[in-house]
Amino acid sequence: MTVATGRCKLVNIRQRTLLVAKLRTLWVLGVFVLVAIGAFTRIGYLGATGATTHRGELGASLVPDRGEIVDRNGVALARDFRVYSLWFNPEAMTEGAPLIHSPEEIADGLLRIFPDLDRREVLEQLASGKPGYLRRSILPEEANRVHALGEPALEYPRETTRFYPQGSLAAHVLGYVDSDGKGHIGMEQVFNKQLTGMDGRTHPSVLSIDFRVQSALEDELSKAMTLSQAKGAGGVVLDVDTGEVLALASLPSFDPNHVQPEDMMVSDAEARQGEVPRGFNRVTNQVYELGSTFKPITVAAALDAGTITDLGRRWPATPLHVGRFTIHDDHSYGSTLNAPQALIHSSNIVMSEIADELGGVRLKKTMESLGMNERPSVELPARGFPIWPTGKWPRLRTMTVSYGHGIAVTPMHLASAYAALVNGGIWRPATLEKLDPSEVPAGRRVFTAATSARIRQLLRMIVKFGTGRKAAAPGFRIGGKTGSAEKPGVGGYRRHALITTFAAAFPMDRPRYVVVAMMDEPQGTPATSYQRTAAWNAAPAIGRLVPRIGPLLGIMPDETRDIDISDLKPLIPQEVSEE
């Protein structure tokens, strides 16, 4: 009986143990099922609603403090980068003197690692006993060498810095970020809130800039500056149908990785001499008289108004007296000229007479429709306000504006105006943000499509037969207009200081891009045949640039195609002039 009872107890224990094991297994399976149901429910909800998961502190720590800026093709232009810094911490030692070695020994050791350090400044900081940076952004191997000095007061905390992989390229477009993480002067300033928000930190901000086109533009402007010994240059490449800026350059430039105080300011004496800092944007912030580049705009306004109905009509080309003022040309081109000849030879006299018939009201309205009376329409914070005469324009003002004097605007104004001249007559604001086709603004009509078609012919003729010949690039069908204007100074215009500009578009049989180049105070050099005008410096720069950027933008040279100018050819003589 005793044995039987023990066996029964043993069987009961085994049954209870198996039952507990089964229950535990069922509990574990139940938990897994509940977790799986919850996960699938969450996935289904997110898929159906498009909601995003909440990013906690861990998620935030995995993204940069400031978002990346890329060009239209995804090339990085600005991004955050983890670096070491060299920090002096006099409280690193809890007892005794803050330094184990003498300040002189430490300074000498640091100079062996960083030869460009100022020894006197280092000694002063070490002796002051105040914490602070001795150097920002050092390499890991440099931090190891500092560690080898054996000085506890020298620390090298890891920090985040803003890094511009392309160096000074597009510096005026990008701007820079200060030590407090705040953007300045360029799209860093414009996008400041966007780049520091969670969405901007996780998704790059895409510019309309094309890194390859930007590089070519800066290179050719730099060459033109060197050849003409100019003090500065600027340029822009603009999509005529969308207003997107493919490249924008102002020279001399600066390195946003290492911004110096002198990059952003000049002394009072330099300012009085007309000098500007490297950070000054000549394309969007420098207003000046654009000279003869305005002449195609004047002709387009007259064509639209109907004051020019016959391009073969001739106007007197002898000096024009208006009160005590005399309008003249640089050379004599005969007693009369028609409108195509006036553009080819760049006649101030005939353009004044065309504007006189057009009238100040209509010319002013055209300029306003092109945005010439307000800051350039681009996102950059540095945008110059035009020198714009308000009220009714008197007769002489109307005449001088017709050939690019009497009002002062920026090269960006000019680029947008030329886009409207050649794209069918629609003005659109310029933008540095890449646009989806659905985001392209409708713009406003300034010229009729017929007038735009005629201006395309006339601009092409200027490059083929007139002052723009040195911009010609075989197969690319460039059209454009030169302009050279004296810079104003104390007591009047400075006859020996010019700003030269060439505004162009290509290909003229189907314009895709406008290119504007300007030179600030170019000199006559052997490379420019001792000439200082736009025909000899700005125009050749575009003639070299277009063959470089055309293929990058899908425009291949084709010498079998061109815009048809056969109906206008009989109206022009074979002589050519140079402005």
Side-chain angles (χ1 to χ4, degrees), residues 216-230 233-237 249 251 290-293 295-296 329-331 333 340-347 404 411 414-415 418 422 456-485 498-508 511 513-550 555 557 559 562-563 565 572-579:
L217 175 63
E218 293 191 18
D219 184 48
E220 291 301 340
L221 289 176
S222 179
K223 288 179 183 176
M225 277 183 64
T226 301
L227 293 173
S228 64
Q229 296 179 8
V236 60
V237 179
L251 299 179
L290 288 163
S292 297
T293 58
K295 289 172 181 174
D329 293 332
D330 290 338
H331 306 282
Y333 305 113
Q341 289 174 316
L343 288 174
I344 287 172
H345 294 295
S346 200
S347 170
L414 188 66
Y418 265 63
V422 302
R456 291 198 292 268
Q457 290 179 303
L458 293 170
L459 291 174
R460 180 67 177 132
M461 292 172 69
I462 294 169
V463 172
K464 287 179 72 72
F465 307 114
T467 59
R469 285 177 304 142
K470 294 188 181 300
F476 287 98
R477 296 95 73 194
I478 300 172
K481 183 70 185 79
T482 53
S484 303
L498 295 181
I499 290 188
T500 64
T501 311
F502 187 66
F506 74 99
M508 292 311 295
Y513 300 99
V514 159
V515 188
V516 174
M518 62 83 71
M519 296 285 134
D520 190 355
E521 294 192 27
Q523 306 301 309
T525 67
T528 63
S529 298
Y530 300 98
Q531 303 297 314
R532 299 180 299 142
T533 55
W536 295 90
N537 43 62
I542 289 182
R544 294 189 300 267
L545 174 68
V546 170
R548 292 182 63 176
I549 67 174
I555 301 173
E559 297 194 55
D562 207 338
I563 187 171
I565 57 174
I572 62 173
Q574 294 306 307
E575 298 86 13
V576 292
S577 64
E578 294 172 352
E579 181 188 2

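All values below were derived from every heavy atom in this structure, side-chain atoms included, with hydrogens, water molecules and symmetry-related copies excluded.
- In this structure, the side chain of T528 engages the main chain of T525 through a donor-acceptor pair within 3.5 Å.
- Between the side chain of T467 and the backbone N or O of A535 there is no donor-acceptor pair closer than 3.5 Å.
- Rounding to the nearest 0.5 Å places CZ of F506 at 12.5 Å from CZ of R460.
- Residue P557 comes nearest to P474 through the heavy atom pair CB-O, 3.9 Å, listed as atom of the first residue, atom of the second, then distance.
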Item to check | Test log, rule side-chain contact (heavy atoms from CB on, under 4.5 Å), inputs L458 and M461 | outcome: CA-CA 5 Å; L458 293 170; M461 292 172 69; 4.3 Å; yes
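- Closest approach of I462 to K481, counting heavy atoms only: CD1-CD, 3.5 Å.
- Side chain of R477 to backbone of G475: a donor-acceptor contact under 3.5 angstrom is found.
- With Q523 contributing its side chain and E521 its backbone, the two residues share a donor-acceptor pair below 3.5 Å.
- K295 and S347 share no donor-acceptor pair across their side chains, judged by distance under 3.5 Å alone.
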Checklist entry - Could you go step by step and tell me if R532 and T500 meet the side-chain contact (heavy atoms from CB on, under 4.5 Å) rule? => result CA-CA 8 Å; R532 299 180 299 142; T500 64; 5.8 Å; no
Item to check | Step-by-step side-chain contact (heavy atoms from CB on, under 4.5 Å) determination, D219 to R548 | outcome: CA-CA 11 Å; D219 184 48; R548 292 182 63 176; 2.6 Å; yes
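- A 4.5 Å side-chain heavy-atom check between L227 and N537 finds every atom pair outside the cut-off.
- Nearest heavy atom pair, residue T482 against residue A539, reads CG2-CB, 4.4 Å.
- Listed here is the closest heavy atom pair of A230 and D520: CB-O, 3.5 Å.
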Checklist entry - Please walk me through it: do T293 and T501 pass side chain to side chain donor-acceptor pair (under 3.5 Å)? => result CA-CA 7 Å; T293 58; T501 311; 5.6 Å; no
Checklist entry - Going through the checks in order, is the side-chain contact (heavy atoms from CB on, under 4.5 Å) test met by V516 and Y418? => result CA-CA 9 Å; V516 174; Y418 265 63; 5.7 Å; no
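- Across W536 and S529, no two heavy atoms sit closer than the pair CZ3-OG, 3.4 Å.
- Partner of M519 under the side chain to side chain contact (heavy atoms under 4.5 Å, CB included) criterion, out of L251, I499, L221, L498: L221 alone.
- Atom CD1 in I344 sits 7.5 Å away from atom CD in Q341 (nearest 0.5 Å).
- Atom CD1 of residue I478 and atom CG of residue L459 lie 12.0 Å apart, to the nearest 0.5 angstrom.
- Defined by atom type and a distance below 3.5 Å, a donor-acceptor pair is present between the side-chain atoms of S292 and S346.
- Looking only at side-chain heavy atoms (C-beta outward), K464 and D562 come within less than 4.5 Å of each other.
- Summarising the geometry, atom CZ belonging to F502 is positioned 11.5 Å from atom CG belonging to L545; distances are rounded to the nearest 0.5 Å.
- For the atom pair CE of M508 and CZ of F476, the computed distance is 15.0 Å after rounding to the nearest 0.5 Å.
- One distance of note links OH of Y513 with CD1 of I555; it measures 5.5 Å at 0.5 Å rounding.
- P540 and A534 make their closest contact through CD-O, 4.0 Å (heavy atoms, listed as atom of the first residue, atom of the second, distance).
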